[in-house]
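Let me begin by presenting the structure, written as structure tokens, before commenting on it.
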Amino acid sequence: MDKEEKKKQSAEKAYEIIKKSLNRDTVLGIGTGSTTNYFIEILNQEKLDLKGAVCSSIASEEYIKTSNIKILSLNDVHKIDFYVDG
């Protein structure tokens, strides 16, 4: 298994761990990097209804703009329910 496949599987496993807890009030923290990009691709496929996401960088913010997930700032939220990073 190559490095990229391992990253993709890590993103899939992260989603599997949290998916049952995701709901309209969920705030995700989104890190930066290729593994996180795989996670964002999963979010795009699932068409989730979440409160939004706080991104750790402009790069991850730009990538998550391809989804239907609202981008939030830290000032917009009281807590982050899950943080996903490589």
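The structure displayed is predicted, hence computed values, not measured ones.
- Heavy atoms only, all atoms of each residue included: Ile18 and Phe82 are closest at CG2-CD2, 3.3 Å.
- Each salt bridge (Lys or Arg N to Asp or Glu O under 4.0 Å) pair with one or both residues in residues 25-53, not counting sequence neighbours, appears once here: Arg24-Asp49.
- Connection of Ile30 to Leu50 is established within a shared hydrophobic cluster, with ILVMFWY side chains joined at heavy-atom distances below 4.5 Å, either directly or through further cluster members.
- Across every non-hydrogen atom of Val84 and Ala14, the tightest pair is CG1-CB, 4.5 Å.
- The distance from the CG atom of Asn23 to the CG atom of Leu48 is 10.5 Å, given to the nearest 0.5 Å.
- When every heavy atom of Ile64 is checked against every heavy atom of Cys55, the shortest pair comes out as CG2-SG, 3.8 Å.
- In this structure Lys70 satisfies the side-chain hydrogen bond (donor to acceptor under 3.5 Å, both in side chains) test with no other residue, sequence neighbours excluded.
- Screening residues 76-86 for salt bridge (Lys or Arg N to Asp or Glu O under 4.0 Å), with sequence neighbours left out, gives Lys79-Asp81.
- Every side-chain contact (heavy atoms from CB on, under 4.5 Å) that Thr66 has, sequence neighbours left out, goes to Asn44.
- Rounding to the nearest 0.5 Å places OG of Ser57 at 13.0 Å from OH of Tyr63.
- The heavy-atom pair separating Ser60 from Thr32 by the smallest distance is OG-OG1, 3.9 Å.
- In this structure, Ile42 and Tyr15 approach most closely via the heavy-atom pair CG2-CG, 3.6 Å.
- At a threshold of 4.5 Å between non-hydrogen side-chain atoms, the residues Ser10 and Tyr38 do not count as touching.
- Pairs engaging residues 5-17 under the salt bridge (Lys or Arg N to Asp or Glu O under 4.0 Å) rule: Glu4-Lys7, Glu16-Lys19 [sequence neighbours left out].
- The hydrophobic cluster containing Ile40 also contains Leu22, counting ILVMFWY residues as joined when their side-chain heavy atoms lie under 4.5 angstrom apart, directly or transitively.
- With hydrophobic clusters built from ILVMFWY side chains whose heavy atoms lie under 4.5 angstrom apart, Phe39 shares a cluster with Ile17.
- At least one side-chain heavy atom of Leu43 sits under 4.5 Å from a side-chain heavy atom of Leu28.
- Legend: salt bridge (Lys or Arg N to Asp or Glu O under 4.0 Å) pairs involving residues 53-69, not counting sequence neighbours, sorted by first then second residue: Glu62-Lys65.
- Under the 4.5 Å side-chain heavy-atom criterion for ILVMFWY residues, no single connected hydrophobic cluster contains both Val54 and Ile71.
- A pairwise comparison of heavy atoms in Ala11 and Thr35 identifies CB-O, 3.6 Å as the closest pair.
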